[in-house]
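Single-structure report; data block below.
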4 protein chains.
Amino acid sequence: MRVGVLTGGGDCPGLNAVIRAVVRKGVRQHGFEFLGYRDGWRGPLEGVTMELGVEQCRGILPRGGTILGSSRTNPFKIDDGVQRIKDNLARDGVGALVAIGGEDTLGVATKLADLGVNVVGVPKTIDNDLSGTDFTFGFDTAVNIATEAIDRLHTTAESHHRVLVVEVMGRHAGWIALHSGIAGGASAVLIPEQPFDINAVCELVETRFRSEYAPIIVVSEGAMPAEGGDMTLQSGQKDEFGHVRLGGIGDRLAGEIEKRTGKEARAVVLGHVQRGGTPTAFDRWLATRFGLQAIDAVADGEFGTMVALRGTKIIRVPLIEGTGELKVVSPEEYAEAEVFFG
Amino acid sequence: MRVGVLTGGGDCPGLNAVIRAVVRKGVRQHGFEFLGYRDGWRGPLEGVTMELGVEQCRGILPRGGTILGSSRTNPFKIDDGVQRIKDNLARDGVGALVAIGGEDTLGVATKLADLGVNVVGVPKTIDNDLSGTDFTFGFDTAVNIATEAIDRLHTTAESHHRVLVVEVMGRHAGWIALHSGIAGGASAVLIPEQPFDINAVCELVETRFRSEYAPIIVVSEGAMPAEGGDMTLQSGQKDEFGHVRLGGIGDRLAGEIEKRTGKEARAVVLGHVQRGGTPTAFDRWLATRFGLQAIDAVADGEFGTMVALRGTKIIRVPLIEGTGELKVVSPEEYAEAEVFFG
Amino acid sequence: MRVGVLTGGGDCPGLNAVIRAVVRKGVRQHGFEFLGYRDGWRGPLEGVTMELGVEQCRGILPRGGTILGSSRTNPFKIDDGVQRIKDNLARDGVGALVAIGGEDTLGVATKLADLGVNVVGVPKTIDNDLSGTDFTFGFDTAVNIATEAIDRLHTTAESHHRVLVVEVMGRHAGWIALHSGIAGGASAVLIPEQPFDINAVCELVETRFRSEYAPIIVVSEGAMPAEGGDMTLQSGQKDEFGHVRLGGIGDRLAGEIEKRTGKEARAVVLGHVQRGGTPTAFDRWLATRFGLQAIDAVADGEFGTMVALRGTKIIRVPLIEGTGELKVVSPEEYAEAEVFFG
Amino acid sequence: MRVGVLTGGGDCPGLNAVIRAVVRKGVRQHGFEFLGYRDGWRGPLEGVTMELGVEQCRGILPRGGTILGSSRTNPFKIDDGVQRIKDNLARDGVGALVAIGGEDTLGVATKLADLGVNVVGVPKTIDNDLSGTDFTFGFDTAVNIATEAIDRLHTTAESHHRVLVVEVMGRHAGWIALHSGIAGGASAVLIPEQPFDINAVCELVETRFRSEYAPIIVVSEGAMPAEGGDMTLQSGQKDEFGHVRLGGIGDRLAGEIEKRTGKEARAVVLGHVQRGGTPTAFDRWLATRFGLQAIDAVADGEFGTMVALRGTKIIRVPLIEGTGELKVVSPEEYAEAEVFFG
């Protein structure tokens with residue numbers, strides 16, 4: 001059988017490790033042939049392919065990015081999108097697809113599976129907000145990068161008696177902020193799931209300085225102040241170039257803290273550095289095992305499923321489980337960290 | 001209540017993170033006082049203590065080692081050892097103990113719990129071979145250090161058409177070798193659970209060279225050749241600098257491969273570098289959550305238990321679960337990786 | 001004799017290494033006593049001191065920041081500032097000062113030396129723009145952090161066919177941008193010394209995409225477009241919180257490139273991460289040797305001098321040499337890198 | 001003109017950066033063609049070549065190793081070796097050679113230049129022991145790897161009250177040991193240039209323990225005890241796991257210290273990890289600038305020269321300068337570090 005492979009959505013360390021594992025095991029143990037589809041769903045939609053075999057996968061394990069390229073193309077937003085995909089798969093003699101991606105990419109996979117396309121999904125997001133799996137690959141790398149940045153900022157905060165605000169990724173879920181905040185010893189962690197009280201944040205800042213230590217505040221890009229928090233933070237504002245990041249929550253929060261406490265405050269926005277480059281050992285191991293399980297699912301004809309981590313086991317769950325609803329930080333999980341705040 | 005804390009056994013990144021979390025939550029949420037016992041069980045045995053409070057725990061989160069010191073002292077091998085510990089705890093007004101350690105340290109804790117000492121255990125080993133928990137802190141750090149070393153050795157192997165053998169820690173379990181071997185893209189992984197066939201290993205080496213890539217072989221310090229494997233682990237051979245370096249399994253294996261295949265082979269023994277220094281974000285997060293759960297167990301009077309990771313939850317299990325039998329790599333888990341060998 | 005030590009200006013990896021070396025050699029070989037002045041020139045000005053001896057310097061070698069704290073206080077902008085410093089030094093029985101800092105801190109030291117204060121300077125700036133020395137400590141660390149970020153961004157740029165703009169520190173000199181751009185394989189490096197032509201930059205972007213590779217552009221925070229470059233980049237604009245960084249050159253350049261080329265462009269502003277945390281081996285070695293030479297200069301009574309690196313030797317030069325004029329990137333040095341652009 | 005490029009000797013981070021710079025500038029600014037010779041002098045000797053152009057050099061800047069392969073083949077030890085090289089160069093239409101290597105490789109280049117071969121040398125050694133240049137690329141990477149290892153070992157030494165001996169590379173020169181020892185805060189640094197007194201080393205160990213800190217001793221692989229130092233480097237002793245690990249100077253020294261002081265001592269032999277993997281920013285910058293200068297030398301017809309770093313400038317010197325005599329640590333440079341010992 002010939003199997004197609006594609007990667008969609010934002011960059012994520014471990015994508016190449018998945019591709020390598022899928023191909024290596026597919027060729028060696030299942031005797032499959034492979035075809036690479038370029039740039040996510042754009043590949044099968046427009047029939048843009050690349051050769052994909054053991055040779056193409058040599059040396060890619062430690063590399064970030066994806067040799068297949070990526071995009072956010074959604075075939076359901078294009079006339080005849082689905083039909084064109086079916087036609088191209090037929091033309092290419094591709095009997096099954098392995099789709100590696102996040103909410104959007106797997107959302108498409110879920111619908112295509114209902115429409116009779118043989119697809120197996122591999123969950124991917126550095127935000128770790130996909131349901132059905134304990135962790136997603138890319139998350140551990142992002143958390144380590146954020147933690148190393150926090151480690152470095154501690155000394156500057158101390159030496160300059162400054163407040164340092166670190167804005168990390170996470171538009172809807174605060175996992176990166178929570179894990180890197182705990183690992184980095186942050187004085188406060190602000191996440192989208194828990195609208196924050198700017199007054200409480202400023203109190204933490206004052207407390208911290210009274211104990212003669214400078215505070216580091218980790219904030220998810222999607223964090224918001226509570227209603228009536230009296231903080232003018234109309235997020236989503238676009239700058240002259242249409243960038244939302246300018247005046248993002250990190251910079252605004254630093255400005256607000258400086259205004260209210262009189263303490264010098266600076267923001268660092270980690271941005272894309274969190275999603276590129278070589279994966280950590282954990283992410284390479286998880287991505288590799290996801291790939292092995294995904295191609296086995298193809299061999300078993302278990303389509304419409306995605307692979308997932310449960311404890312130390314890799315299992316298969318219905319695609320809908322991963323894409324149905326977002327996995328966010330629970331109040332209990334957030335409360336666990338609060339003992340370290342201030 | 002006054003709580004004693006001790007760390008025993010080999011060094012492990014994350015020990016300080018556990019201590020910090022135990023003290024921080026104990027003081028802030030449970031109103032406990034703390035006393036540090038130095039050098040594992042030697043502390044309560046000989047009454048060697050140190051002040052332990054929020055202040056002593058400042059800035060220790062990212063540091064390797066343990067501010068309490070460690071040792072392999074076993075009170076059950078000393079006359080009146082147990083009684084002396086009971087007397088010292090009483091004298092110090094210590095009503096409960098948090099014991100952070102591996103098989104030996106927790107083995108002592110288990111027996112002391114049976115003898116009426118109020119103790120809660122925190123599992124610690126870079127080898128990840130304690131039962132009852134998905135992972136132990138320190139393991140992720142060790143695996144990342146080993147993986148970075150493998151990444152570096154790949155280029156040397158390729159450039160010099162050499163075989164490189166990397167000996168990693170793991171006397172009884174091959175977890176570090178298996179995870180770093182998968183993450184580093186090793187050509188073979190040899191572990192204690194699976195006696196290896198030296199002929200098969202040499203065949204892998206030949207195959208690898210035929211495909212014009214140099215092999216990297218990861219071997220646990222406890223790995224051994226199968227009976228009749230006809231591998232003469234003779235030592236005393238001199239390397240290119242006249243150093244008698246053949247000794248551990250890594251050096252012996254390199255020597256044997258060179259002798260049998262005629263390919264230049266070198267061994268790198270990572271040693272103690274794997275167990276020192278700053279913990280990864282994952283280990284800081286896990287160690288911190290272990291500490292929080294352990295002090296809650298003390299507050300709940302749930303003695304004779306140890307904390308454990310199950311999926312993403314921290315639970316409590318009877319101490320005996322963690323110390324009863326070693327968690328080793330199963331044949332299925334090992335087989336999973338074999339598709340990458342050669 | 002009793003020697004005072006202070007650190008002024010922005011944070012810089014290696015400050016603690018200098019302090020440690022000054023104290024270690026001063027105590028062990030010259031029999032000096034030491035007094036720490038807190039927060040740069042504020043210390044001697046306001047008489048804010050701390051104990052400083054071999055004990056206080058234990059374990060600080062690998063740590064970023066400065067145990068003495070820092071500030072930008074300038075005694076020449078304060079009534080009787082100089083006299084108050086002289087009085088405090090006399091009161092504290094301090095016969096000589098070691099001042100570790102950049103242009104401003106050493107500028108004050110230069111003037112104080114002319115007014116009869118016994119001071120030896122140690123040049124410090126991550127920007128590497130102090131004259132009289134081949135390199136300053138902190139620079140190598142900043143360049144490595146920037147280079148690692150560029151390494152990570154390459155994969156994202158490739159996978160998403162995006163332009164990535166990396167804004168690094170350097171208000172007046174482009175050393176960090178030039179070195180990290182060369183080390184990271186950037187498609188273009190824009191520095192303050194060479195006003196850039198936005199049209200030429202966009203041509204590089206197009207060229208790069210034609211060869212099917214995504215461009216990474218490294219830009220110093222102080223880089224500016226050439227006159228008539230028809231790019232609306234009124235830098236120095238303040239946002240609602242008085243931060244100049246919002247809409248800094250990185251974000252503006254990304255926006256402009258996106259507008260002109262139609263290619264998706266994103267900016268990453270590394271910010272304070274470049275100046276915190278543990279120093280590289282090179283910076284620890286240079287900072288340590290600076291410290292050893294500085295205290296020898298004190299012992300020799302060679303005041304009004306600063307230490308400097310020339311080749312592999314540490315020498316002493318008049319303070320004015322380091323503070324007289326800024327060391328910037330020469331047209332020849334910039335031209336050397338241009339072969340890699342595009 | 002067609003230019004040949006080869007890399008010889010041991011692996012060294014930065015080799016690919018040199019190749020890339022030579023080719024990039026040679027093609028873009030001098031209009032040269034290139035031919036890659038494989039595995040050092042074996043390439044031109046046996047006529048083993050590979051295609052080498054801008055395309056082959058894409059993405060190799062951050063990679064360790066060498067895309068050309070390496071070997072220690074010496075044409076002067078082979079009948080007609082020189083003539084065969086001349087014939088092959090003529091056959092391949094190669095008018096000039098860029099030879100990148102250490103003492104041996106450049107030694108051959110020096111002799112070939114005298115025999116009329118148009119060759120320019122690029123000095124390469126992680127040991128930094130080539131004369132005529134302030135530093136060689138690869139050295140900074142090796143020193144950083146050794147320093148990170150020392151950082152990690154500190155915590156283990158402290159926690160276990162152990163002596164840790166770190167054996168680093170350097171058979172004839174102690175540069176790696178000296179720089180990493182200073183950067184890592186070692187209690188002693190033992191180098192080949194200064195035969196050590198085992199009694200003095202053991203005294204340092206005792207002193208260090210008296211001040212309640214565990215010692216880390218960095219030793220070059222080529223370090224030796226002084227005559228009559230009464231150190232019996234007997235091998236064959238078994239360590240705690242029954243491994244015969246006593247072999248190189250590191251293991252022997254650890255055994256001797258343990259025997260004499262009664263303190264537990266362990267050795268870590270860093271080995272090949274020091275010479276593989278991605279180069280630091282400094283090494284990428286130096287290697288790149290070496291490559292640019294080397295191809296300019298070819299364009300200028302300045303054969304028989306090698307490139308060198310002097311301060312911040314890249315210059316050309318006669319090949320003989322780099323290969324004439326080894327650059328070792330002077331007594332003054334060693335004495336500079338002694339203030340930190342003990």
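Both backbone and side-chain heavy atoms feed into the values below; hydrogens, waters and symmetry mates do not. Protein chains get the first letters and strands the later ones, always in sequence-line order, with residue 1 at the start of each.
Heavy-atom distances place both the backbone and the side chain of A:Glu336 under 4.5 Å from chain B. The contact between A:Thr288 and chain B is made entirely by side chain atoms (from C-beta outward), counting heavy-atom distances below 4.5 Å. If you measure heavy-atom distances from A:Asp140 to chain B, the contacts under 4.5 Å come from the side chain alone. Heavy-atom distances place no part of A:Ala17 under 4.5 Å from chain B, backbone and side chain included. Within the 4.5 angstrom heavy-atom criterion, no atom of A:Glu158 approaches chain B. For a residue to count as touching a neighbouring chain, one of its non-hydrogen atoms must lie under 4.5 Å from one of that chain's; by this rule A:Phe135 touches chain B with the side chain only. Heavy-atom distances place no part of B:Ala337 under 4.5 Å from chain A, backbone and side chain included. Contact of A:Arg24 with chain B is made through backbone and side chain together, with heavy-atom distances under 4.5 Å.
Across A:Arg28 and B:Phe340, no two heavy atoms sit closer than the pair NH1-C, 4.4 Å. B:Ala281 approaches A:Val143 most closely through the heavy-atom pair CB-CG1, 3.6 Å. B:Glu55 and A:Tyr213 get closest at one heavy-atom pair: OE2-OH, 3.8 Å.
Within a 6.0 Å radius of CD in B:Glu302, other residues, nucleotides and ligands contribute more than 12 heavy atoms. Heavy-atom neighbours of A:Glu325 CD from other residues, nucleotides or ligands within 6.0 Å: at or below the threshold of 12.
Between chain B and the residues A:Arg289, A:Arg310, A:Gln29, the most heavy-atom pairs under 4.5 angstrom are made by A:Arg289.
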Handout entry: Residues A:Val339, B:Leu292; criterion side chain to side chain contact (heavy atoms under 4.5 Å, CB included); working and verdict
Key = CA-CA 9 Å; A:Val339 66; B:Leu292 297 176; 3.9 Å; yes
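Interface with chain B: from residues 179-189 of chain A, residues A:His179, A:Ile182, A:Ala183, A:Gly184, A:Gly185 qualify, criterion being any non-hydrogen pair under 4.5 Å. Close approach to chain B, defined as a heavy atom under 4.5 Å from one of its heavy atoms, is seen in A:Thr147, A:Asp151 of residues 145-157 of chain A, taken by number.
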